[in-house]
Number of protein chains: 2
Amino acid sequence: MRRSKKERQRLLTSTIEDNPFITDEELAEKFQVSVQTIRLDRLELSIPELRERIKTVAEKRFEDEVRSLPLEEVIGEIIDIELDQSAISIFDVKAEHVFKRNQIARGHHVFAQANSLAVAVINDELALTAKANIQFKRSVKLNERVVAKARVTKIDDHAGRTFVEVNSFVNNEQVFSGQFEMYRSKNNKG
Amino acid sequence: MRRSKKERQRLLTSTIEDNPFITDEELAEKFQVSVQTIRLDRLELSIPELRERIKTVAEKRFEDEVRSLPLEEVIGEIIDIELDQSAISIFDVKAEHVFKRNQIARGHHVFAQANSLAVAVINDELALTAKANIQFKRSVKLNERVVAKARVTKIDDHAGRTFVEVNSFVNNEQVFSGQFEMYRSKNNKG
DNA sequence: CCGAGTATTATGACTAGGTACTAAGAGTAG
DNA sequence: CTACTCTTAGTACCTAGTCATAATACTCGG
């Protein structure tokens, strides 16, 4: 035995993990054993064959893509909306949204939810944030669900400005508040 | 002919585009032609076989992964930093950052760059945004490069607050300004 | 209606990268 | 020596193709 079986299998796992595109033949060469041994190892470790591994990687990318597509227009999921009046969205804080060190959501995600809700509530082709005054009341942590509530406070058709107030909560506890001054193209249908 | 050859090939292209995981057999079934016809079509259109398509998708994911890792901690790329004093980062506006309709960068990305720069400039274990007052001076468009400059204006060790001003520019033209009040854990080394 | 040319389908041989199974030899521990 | 694990070898089979060749089917101009 060049290496103990356990040692080889440990290395095999990590090797495949950081290069799922490696074939059994290449692995056999790398560990100086027969292809059959590699196959037995994979069987024992329940590591799928090359093609299945590649497929999994590809499928995950596809999932991520659909997950990031709705994210493209609105951060969080809008669950209620009355144009030019009010809107509510929810946003679940996942691992990718927090600082690794302390599991606290990075501010820009909480802001992004509020900001995109402010954009969404406006009944217009073009809505952009002009100014914002925001406060982070308490930090949001991993796995918490943030509910953002937007309310249109004032519409100034002349200036083409709409004022939106957004308050975000986790379990009825306020975590964020923001006043948004939104630019809108003046030619509103209403 | 059920459909003209051209029509079928047009549909074939788009079908494979939005589902690269489809086999020739499934395609043959779908278009009511033989598998051989599908293969001839792919040959003419130079569409690779299933396995190659999946591999490409998987490889792209791998590339994306390394690209999105540095993005995890800071939005934009920090090119200069003096802790507790100033910092500069650049952020290139790509297709995924803009509204499809008008190619204007969504506000939260510009905010995210500024916010994460404000976090980065602070010489502390823990830095969180408490409040922010921001203005979007003009809209940022696709392919523009935003340069954000952060300057620490005041450090209040007693209250555990640091004030950071961030101004962002595209070609020396200001696009964003923000005053950030940052929370920091009081036990600073300095 | 016939032939030319295009389009389609069929057939056979081969490939990579496997699975599943059987068999056999090497080394080692009791 | 026997029992056992570990390793290697070999076979048949699989999927989703490739390439090449041949035989049809359709369609249009004359």
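These figures come from a predicted structure and were not determined experimentally. Throughout, a chain's letter reflects where its sequence line sits, starting with A, and its residues are numbered from 1.
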| request: Just say parallel, tilted or perpendicular for the rings of A:F111 and A:F180, cut-offs at 30° and 60°. | output: tilted
| query | D:dT7 P sits how many Å from A:K6 NZ, rounded? | reply | 13 Å
| query | Whole-Å distance between C:dT9 P and B:D24 CG? | reply | 13 Å
| Over how many whole Å does the gap from A:Q9 atom CD to D:dT5 atom C1' extend? | 12 Å
| query | Any Lys/Arg nitrogen of A:E44 or A:K5 sitting under 4.0 Å from an Asp/Glu carboxylate oxygen of the other? | reply | yes
| message | Do the side chains of B:D24 and B:R39 get close enough for a salt bridge, i.e. N-O under 4.0 angstrom? | response | yes
| What's the CD-C1' distance between B:E26 and D:dG17, to the nearest Å? | 14 Å
| message | Can you measure B:E7 atom CD to C:dA7 atom P for me and round it to whole angstrom units? | response | 15 Å
| Rounded distance (Å) that lies between atom C1' of D:dC19 and atom CZ of B:R39 | 11 Å
| With the threshold set at 4.0 Å, does a side-chain nitrogen-carboxylate oxygen contact exist between B:R184 and B:D84? | yes
| Between A:R10 and A:E7, is there a side-chain N and carboxylate O pair less than 4.0 Å apart? | yes
| query | Starting at the 5' end of DNA chain C and moving along, which residue's nearest nucleotide shows up first, B:T37 or A:L43? | reply | B:T37
| message | Is there, by distance only and without an angle test, a donor paired with an acceptor across the side chain of B:R51 and the base of D:dT15 below 3.5 Å? | response | yes
| task | Mind checking B:E49 for me? I need base, sugar-phosphate or nothing, with any heavy atom below 4.0 Å counting as a touch. | result | sugar-phosphate
| task | Look at all strands and tell whether A:R53 reaches a base, only sugar-phosphate, or nothing, counting heavy atoms closer than 4.0 Å. | result | nothing
| note | From CG of A:L40 across to P of D:dT5 the rounded distance in Å is 13 Å
| Does A:R42 make a side-chain N or O approach to OP1 or OP2 of C:dT19 shorter than 4.0 Å? | yes
| CG of B:L50 versus P of D:dT18: gap in Å, rounded? | 10 Å
| field | Earlier contact from the 5' end, DNA chain C, for B:E44 and A:T23 | value | B:E44
